[in-house]
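Since the structure comes first, as structure tokens, the remarks are kept for the end.
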2 protein chains.
Amino acid sequence: MNIKAVAKLANVSTATVSRTINGSPKVSPDTAARVRKAMETLNFVLNTNARALGSGRSNLLGLIISDITNPFFPELVKAFEDIAVSQGKEVLIANTDYDPDRTMHCVTRMLQRKVDGVAIMTSEISEHVISFFLKRKIPVVFLDTGEPAPGISRINIDYPAGVEMAMHYLTQLGHKDISFISGPLNLNSARTRYQAFMESSAREHLSAKAEYVQEGNHRPDGGYRAMQRILALEHRPTAVLTSNDLTAIGAMGAIFEAGLRIPQDISIIGFDDIQLSAFTEPPLTTVRIPHKDVARTAIEALLGTQDLPSKEPRDGAQYKIQPIFVPRRSAGPIPGEAHSLKRRRADRLHV
Amino acid sequence: MNIKAVAKLANVSTATVSRTINGSPKVSPDTAARVRKAMETLNFVLNTNARALGSGRSNLLGLIISDITNPFFPELVKAFEDIAVSQGKEVLIANTDYDPDRTMHCVTRMLQRKVDGVAIMTSEISEHVISFFLKRKIPVVFLDTGEPAPGISRINIDYPAGVEMAMHYLTQLGHKDISFISGPLNLNSARTRYQAFMESSAREHLSAKAEYVQEGNHRPDGGYRAMQRILALEHRPTAVLTSNDLTAIGAMGAIFEAGLRIPQDISIIGFDDIQLSAFTEPPLTTVRIPHKDVARTAIEALLGTQDLPSKEPRDGAQYKIQPIFVPRRSAGPIPGEAHSLKRRRADRLHV
DNA sequence: CTGTTAGCGCATTCAC
DNA sequence: GTGAATGCGCTAACAG
């Protein structure tokens with residue numbers, strides 16, 4: 001059941017079948033119809049491997065992420081996939097699990113399958129690894145860090161701005177002692193957020209005690225443990241900013257277990273705005289990374305201007321994405337002050 | 001940079017290169033070494049498309065799921081992928097999004113890429129669709145429903161047992177008025193759990209008021225809304241069982257907003273045991289579906305039926321997986337009773 | 001508009 | 001052990 005069988009049944013050549021499959025305009029409508037009917041009756045399914053081999057194009061877009069288990073990524077993956085499919089592309093996903101060996105394996109897979117482009121959404125990847133793509137002239141788009149270069153575009157999320165929004169919100173509420181629970185500091189992505197916090201903290205002239213910064217692991221258990229350490233401090237902070245929502249959720253558990261209330265006793269703010277954050281108790285105030293924008297931008301960068309309505313440059317483009325502050329109920333005035341919140345807050349079902 | 005270039009550099013034929021790549025024992029150690037060195041210096045990467053075309057085998061395992069955004073699935077995907085990779089296979093993932101059209105598209109993708117087997121982890125798929133795989137003798141393993149058949153294995157999670165454990169736990173705590181928030185009842189997977197509840201409810205002689213069962217959507221917002229409806233009832237239940245953890249988390253939000261306490265005023269139990277469930281406040285009592293077992297079993301079923309010489313499709317096996325009850329803190333004695341919990345409960349960091 | 005032909009890169013008979 | 005030759009299913013010139 002290959003193209004030849006279809007050709008025979010439709011009384012045409014394989015070339016004509018191939019043309020109708022690919023929607024070539026130079027096929028007469030009725031032969032096309034005949035071919036389509038033949039495909040139908042034969043239950044013909046195109047062999048993508050053969051097509052890729054023959055044409056050189058795979059119609060595959062690679063997507064490398066750190067850990068599918070972090071809820072931020074599935075949402076990103078879904079958006080990426082939706083847009084890719086709408087552009088006639090497919091997506092090959094690979095998890096690095098923060099492991100260099102495994103990362104190399106992911107890259108090899110991408111190379112083996114001859115992807116038309118790769119979006120690298122984990123910053124834990126060496127420049128050496130990227131060179132594998134560049135040598136083969138495979139477009140690369142990066143999330144998070146660094147400068148654009150020939151053949152490689154960058155999407156930078158404005159972490160400093162995001163952190164600044166959160167910090168400003170807290171200071172406005174009277175907070176002066178603000179803690180930070182970072183991600184694993186051996187990861188670039190986590191360090192970026194950490195540095196943004198340190199800078200913002202200095203800018204606001206806050207007490208930057210070393211013990212106010214605790215390292216987590218971007219998962220709830222790390223946030224839980226880090227928060228326990230913070231709660232054990234002699235001078236406890238009145239607010240905590242976390243490197244991602246999962247960390248915040250873990251931290252909230254530790255706060256409740258200590259018999260404290262959120263936000264009356266301690267305020268907490270997350271980062272990412274995963275779906276669940278609207279449904280924690282209290283709903284989590286957070287800084288949203290607009291994942292649909294990230295996905296759209298990544299695909300735009302990969303495919304260039306031809307296939308998408310926008311007319312951005314293709315090579316070495318740089319995109320900056322602004323996070324969005326989402327005030328919910330986990331952050332409030334400092335204890336003892338009846339500061340009334342002016343800004344509208346989001347509820348569970350809306351923004 | 002193909003096999004031919006390697007062959008030339010190593011002074012051998014392409015056949016020999018192919019053999020050393022595939023670890024054929026009939027290659028002399030030192031020619032193999034020479035070939036490997038040549039591959040190294042040329043940065044040779046195998047073209048998987050060509051290999052699949054030439055050999056007929058793709059080394060790809062398909063995995064069809066409903067919605068990557070539901071946290072249960074990433075955990076499953078990860079386990080599946082880990083095991084597949086350890087077996088020298090790769091994984092092609094596809095989301096149906098509960099959409100029949102999109103489901104058909106997923107199946108087509110699998111067929112096009114010539115997968116060696118497919119694990120279908122969504123029950124929303126018609127028998128007609130499966131026939132596409134069976135006709136091509138592609139092994140299929142199903143999660144959730146139905147009987148095994150030639151060429152198709154089934155993994156059944158013992159939902160009735162899981163529901164029974166939860167119900168028994170609640171009745172033991174004195175609960176008689178137990179609500180259920182189902183998933184979307186047009187989905188088989190949701191209906192299965194719903195029916196298990198109804199049967200268990202009848203068995204325990206509980207008040208099976210129609211309004212005690214509310215339909216959700218397996219996402220937090222559905223649980224939230226369904227819970228609001230339940231709380232508006234004149235005779236409010238003392239406990240709620242939900243069709244999955246996400247639903248439970250949404251429901252908890254509604255309970256708190258109504259000014260009620262968990263579990264003092266109302267108990268709640270989830271289903272799945274996603275990672276986050278240990279970190280809700282209070283930690284969610286739930287029924288765990290052991291996703292690693294599911295993944296391992298699925299791959300076993302696929303690989304076991306694959307490389308067999310028989311041309312007739314082998315009869316599919318049937319596997320039954322037992323859920324595990326995970327008592328945490330969201331379920332307690334009925335209001336007003338000082339019933340003390342005998343059983344040990346899991347904390348946030350352990351089981 | 002349509003057919004013919006020659007690869008794409010690899011696995012796999014067969015010979016040697 | 002190794003090499004030469006054939007074909008997997010499709011696309012892409014090039015003719016007509």
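Quick note on labels: first sequence line is chain A, next is B, and so on, each numbered from 1.
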* To do: For the helix from dC1(C)-dG16(D) to dC16(C)-dG1(D), measure the angle between the helix axis at one end and the axis at the other, each built from five pairs, rounding to 10°.
  =>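 That helix has its two terminal axes inclined by roughly 30°.
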* **Rounded distance in Å - CZ (Arg19(A)) to P (dT2(C))** =>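 One finds 8 Å between P of dT2(C) and CZ of Arg19(A), rounded.
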* For Arg34(B) and dT2(D), what is the distance between atoms CZ and C1' respectively, to the nearest whole Å? ->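 Rounded to the whole Å, the gap is 11 Å.
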* Are any of the side-chain nitrogens in Lys292(B) or Asp82(B) under 4.0 Å away from the carboxylate oxygens of its partner? ->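 No, Lys292(B) and Asp82(B) are not salt-bridged.
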If you define the side chain from C-beta out and look only at heavy atoms, does anything of [X] sit under 4.5 Å from [Y]?
| X | Y | answer |
| --- | --- | --- |
| Leu302(A) | Lys89(A) | no |
| Asn47(B) | Asn2(B) | no |
| Met110(A) | Phe132(A) | no |
| Ile65(B) | Phe80(B) | no |

* Report yes if a side-chain nitrogen or oxygen of Ser18(B) is closer than 4.0 Å to either non-bridging phosphate oxygen (OP1 or OP2) of dA11(C); otherwise report no. =>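 It does, given that an N or O in the side chain of Ser18(B) lies less than 4.0 Å from OP1 or OP2 of dA11(C).
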* Does Thr16(B) have a side-chain nitrogen or oxygen under 4.0 Å from the phosphate oxygens OP1 or OP2 of dG3(D)? ->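 Affirmative; the distance criterion is met.
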* **Residues which pass side chain to side chain contact (heavy atoms under 4.5 Å, CB included) with Glu40(A), listed by chain and number, not counting sequence neighbours** =>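 With sequence neighbours excluded, Glu40(A) shows a side chain to side chain contact (heavy atoms under 4.5 Å, CB included) to no residue whatsoever.
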* Asked: Can you list, by residue number, the residues of residues 107-115 of chain A that have a non-hydrogen atom closer than 4.0 angstrom to DNA chain C?
  ->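 Hits under 4.0 Å, by residue number: none.
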* Sorted by number, the residues of residues 24-31 of chain A with heavy-atom contact under 4.0 Å to DNA chain C ->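 Contacts with DNA chain C under 4.0 Å: Lys26(A), Val27(A), Ser28(A), Thr31(A).
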* Do the side-chain N and O atoms of Asn22(B) and Arg51(B) include a donor-acceptor pair separated by under 3.5 angstrom? ->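 Yes.
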* **Selection: residues 43-54 of chain A, any non-hydrogen atom under 4.0 Å of DNA chain D** =>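 Contacting residues: Phe44(A), Leu46(A), Asn47(A), Ala50(A), Arg51(A), Gly54(A).
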* Asked: For DNA chain D, which residues in residues 2-14 of chain A have a heavy atom at a distance below 4.0 Å?
  ->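 Output list: Asn2(A), Ile3(A).
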